[in-house]
Peer 1: 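Attaching a single structure in structure tokens format; questions to follow.
Basis for what follows: all heavy atoms, side chains included, without hydrogens, waters or symmetry-related copies.
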Amino acid sequence: MAAAEPLVKDSSPIALPGLARALVSAGKLPAKTAEDIYQKSLSGRTSFIAELTGTGAVSAADLAHTLSSAFGAPLLDLDAIDSQRLPKDLLDPKLCQAYRVVVLSKRNNRLIVATADPSDQQAAEKIKFASQMGVDWVIAEYDKLSRMIEAAAVSASETIDSIIGTEFEFDEVSADTSSESNDPAVAEVEDAPVVRFLHKMLLDAFSMRASDIHFEPYEHNYRVRFRIDGELREIASPPTVIKDKLASRIKVISRLDISEKRIPQDGRMKLKIGPERVIDFRVSTLPTLFGEKIVIRILDPSSARLGIDALGYDADEKERLLTAIGRPYGMVLVTGPTGSGKTVSLYTCLNLLNKPGVNIATAEDPSEINLPGVNQVNVNDKAGLTFATALRAFLRQDPDIIMVGEIRDIETADISIKAAQTGHLVLSTLHTNDAPTTLTRMRNMGIAPFNIASSVILITAQRLARRLCTVCRTPTEVPRQALLDAGFKDSDLDGSWKPYHPVGCSACNGGYKGRVGIYQVMPITEEIQKIILRDGTSLDIAKQSESEGVRSLRQSGLRKVMQGLTSLEEVLAVTNE
């Protein structure tokens, strides 16, 4: 459909990278597809190979075999390598992470390096300069290479003593003085251990695929926790003496007021990962009894550019969503609790719609993902820039598509609905448990039933469940009655599949790695419109949507169990019925 067209159209020929040319020459990738993926990587400032494997255009195994033949380099299965025995000191780990390489060994004055992209001359030159040795490439599958790089990331708790140990013992007295903790010059220059510690926390969080970093001060201890795949894990316990200096350092680079410790503050900062990748961080401070708790949300723009297939929609759900966002006007709502991936879903839709001939405007609090080509506005209630104010301004700016971060009040809802009724496509979010209750929630906000029925065209509710590790997951036996109680039908238990159980290995976190979306995608049909107009309940809407083939969140989650993507325990934990 039209929404899936390339983001950039240009009649001039595109200079493809060596990797793309090799795949086109080998007949593994059409030239047009290679150009589209390369343009996408340029606009998203991500690597071509990450976009290539992320979209599924070429499998990692097929890619590795093709490049091995094209470049005459040996092919290595990294699963057969013990990562604990690899040399640790031949190359800077940051360089390895930036260019996605693994040093296998040293032979004379040359490094044997595993890579998924042997055409990357910049990586070769950087490695030669850093090591003062030559480089011999060995081809590895991109997914296995990424797993090994992540597994090889040194735990922060193992190196914290070497980073800050003795220096803070000598600096313990001055750390409590207000003059030093409030002075940006001191925070940036004298507290070099704090700078290194914070930098390491950010890099470790990124390499471990964490979504949030929590810096938590208590009376007698101080801890750092990462939220990985939805679960908080304690990573480090630095000395309590660093809490003021660490808070000051974070505030300085987030452009916050370091002298204000009595009220919460919000800010942003950036960290460069590799030569062309920049990660945004959203910073939130909160005064507690024993100091300021700081939570840093990691905002990776590439997560919104992986494509709709990477989100985990089933084929029928994907078709419903693409049909809705392809319409010229109406309202599409995404609902779910905080941290359920609503923003990524919205930006994935915006990424599909983001074309040179379309005017897109967003109002968010705050804007989390930077998307070139989209006019993004940060809501500022103190300055009078509310969602409603921004929406009124958007409507005077000739928009085609409007995205509202959240419908919080009747005024924002009223303007959004009027925009949807007057020729604009409006995307927004609400905090409700499922799709049917979203409509009754809007009714309770004071919106007239005929306005809801005439504007809302689709609602998608979602949750995030932890994805089973494909390396160590094992089939398990679950009693038939337990499966029926969970929501499976007799027809589902035909013996053609088995539920999987998490085990745990070096490539994952307790049997899980990453997360997969569970969705309830409900189009607003004529029958549902009739229920809304007669002020029906969410139960009436749910019954009607089920009769039209819309699966509940539990039913959608059970399909993910049948597909082996997640475990039954995880689905039961994230869905309620």
Peer 1: Could you check whether any side-chain N or O of Tyr519 sits under 3.5 Å from a backbone N or O of Leu311, counting only pairs where one atom can act as donor and the other as acceptor?
Peer 2: yes
Peer 1: If we ignore hydrogens and angles and just use 3.5 Å, is the side chain of Lys560 paired with the main-chain N or O of Gly312 as donor and acceptor?
Peer 2: yes
Peer 1: Counting C-beta onward and ignoring hydrogens, is there a side-chain heavy-atom pair between Arg249 and Phe197 closer than 4.5 Å?
Peer 2: no
Peer 1: Show the nearest heavy-atom pair for residues Leu78 and Ala114, with the distance to one decimal.
Peer 2: CD2-CB, 4.5 Å
Peer 1: Do Lys342 side-chain atoms and Gly336 backbone N/O form a donor-acceptor pair below 3.5 Å?
Peer 2: yes
Peer 1: Hey, is NZ on Lys106 packed in by over 12 heavy atoms from elsewhere, all under 6.0 Å?
Peer 2: no
Peer 1: Between Ser68 (side chain) and Ala73 (backbone), is there a donor-acceptor pair under 3.5 Å?
Peer 2: yes
Peer 1: Taking Arg473 for the side chain and Gly564 for the main chain, is one N or O donor matched with an acceptor at less than 3.5 Å?
Peer 2: yes
Peer 1: Calculate, to the nearest 0.5 Å, the distance between atoms OH and CG belonging to Tyr142 and Leu63 respectively.
Peer 2: 10.5 Å
Peer 1: Let me know which of Val295, Ile235, Leu202 forms a side-chain contact (heavy atoms from CB on, under 4.5 Å) with Ile213.
Peer 2: Leu202
Peer 1: Using a distance-only test with no angle check, is there a side-chain donor-acceptor pair under 3.5 angstrom linking Asp117 and Thr115?
Peer 2: no
Peer 1: Any side-chain heavy atom of Ser567 sitting closer than 4.5 Å to one from Tyr512?
Peer 2: yes
Peer 1: If we ignore hydrogens and angles and just use 3.5 Å, is the side chain of Gln376 paired with the main-chain N or O of Leu371 as donor and acceptor?
Peer 2: yes
Peer 1: Do the side chains of Thr474 and Tyr500 get nearer than 4.5 Å, heavy atoms only?
Peer 2: no
Peer 1: Using a 4.5 Å cut-off on heavy atoms from C-beta on, say whether the side chain of Arg282 contacts that of Asp266.
Peer 2: no
Peer 1: Could you measure the distance from the OG1 atom of Thr66 to the CG atom of Asp62? Nearest 0.5 Å is fine.
Peer 2: 4.5 Å
Peer 1: If you define the side chain from C-beta out and look only at heavy atoms, does anything of Phe215 sit under 4.5 Å from Pro238?
Peer 2: no
Peer 1: Side chain to side chain contact (heavy atoms under 4.5 Å, CB included), that's the test. Do Val334 and Leu427 meet it? Break it down for me.
Peer 2: CA-CA 8 Å; Val334 180; Leu427 310 179; over 6 Å; no
Peer 1: For Ala210 and Ile298, which heavy atoms make the closest approach, and how far apart are they?
Peer 2: O-CD1, 3.3 Å
Peer 1: For a quick test of reading the model, state the closest non-hydrogen atom pair linking Leu90 to Ser131 and the distance between them.
Peer 2: O-CB, 4.2 Å
Peer 1: Determine, step by step, whether Asp229 and Arg466 satisfy the salt bridge (Lys or Arg N to Asp or Glu O under 4.0 Å) criterion, reporting the C-alpha distance in whole Å, the side-chain angles of both residues, the deciding distance to 0.1 Å, and the verdict.
Peer 2: CA-CA 6 Å; Asp229 296 338; Arg466 290 183 293 171; over 6 Å; no
Peer 1: Side chains of Leu352 and Leu322, heavy atoms from C-beta outward: is any pair under 4.5 Å?
Peer 2: yes
Peer 1: Rounded to the nearest 0.5 Å, what's the gap from CG on Leu67 to CD1 on Ile139? Could you check?
Peer 2: 6.0 Å
Peer 1: Is the closest side-chain heavy-atom distance between Val113 and Leu91 below 4.5 Å?
Peer 2: no
Peer 1: Quick one: which of Glu216, Glu234, Glu231 gives a salt bridge (charged side-chain N to carboxylate O under 4.0 Å, His left out) with Arg225?
Peer 2: Glu216
Peer 1: Of all heavy-atom pairs between Trp137 and Ala123, which one has the smallest distance, and what is that distance?
Peer 2: CH2-CB, 4.5 Å
Peer 1: Indicate yes or no for a side-chain donor-acceptor contact from Lys144 to the backbone of Ala60 under 3.5 Å, with no hydrogens or angles considered.
Peer 2: no
Peer 1: Should the heavy atoms of other residues, nucleotides or ligands under 6.0 Å from NE2 of His65 be counted, would the total exceed 12?
Peer 2: no
Peer 1: Taking side chain as C-beta onward, heavy atoms only, is Met201 less than 4.5 Å from Phe226?
Peer 2: yes
Peer 1: Could you report the tightest heavy-atom contact between Cys472 and Gly511, atom names first, then the distance?
Peer 2: SG-CA, 4.1 Å
Peer 1: Does the side chain to side chain contact (heavy atoms under 4.5 Å, CB included) test come out yes or no for Asn359 and Asn375, once each step is laid out?
Peer 2: CA-CA 8 Å; Asn359 180 18; Asn375 306 291; 3.1 Å; yes
Peer 1: Would you mind telling me which of Lys251, Lys243, Lys261 makes a side-chain hydrogen bond (donor to acceptor under 3.5 Å, both in side chains) with Glu292?
Peer 2: Lys251
Peer 1: For the pair Thr429 (side chain) and Gly405 (backbone), establish whether a donor and an acceptor sit closer than 3.5 Å, ignoring hydrogens and angles.
Peer 2: yes
Peer 1: Could you check whether any side-chain N or O of Glu570 sits under 3.5 Å from a backbone N or O of Arg467, counting only pairs where one atom can act as donor and the other as acceptor?
Peer 2: no
Peer 1: Return the minimal non-hydrogen interatomic distance between Ala465 and Ile518, and the atom names on each side.
Peer 2: CB-CD1, 3.8 Å
Peer 1: Given Val138, which of Leu76, Val102, Leu75 fulfils the side-chain contact (heavy atoms from CB on, under 4.5 Å) condition?
Peer 2: Leu76
Peer 1: Kindly say whether Gly517 contributes a backbone atom to a donor-acceptor pair with the side chain of Gln462 at under 3.5 angstrom?
Peer 2: no
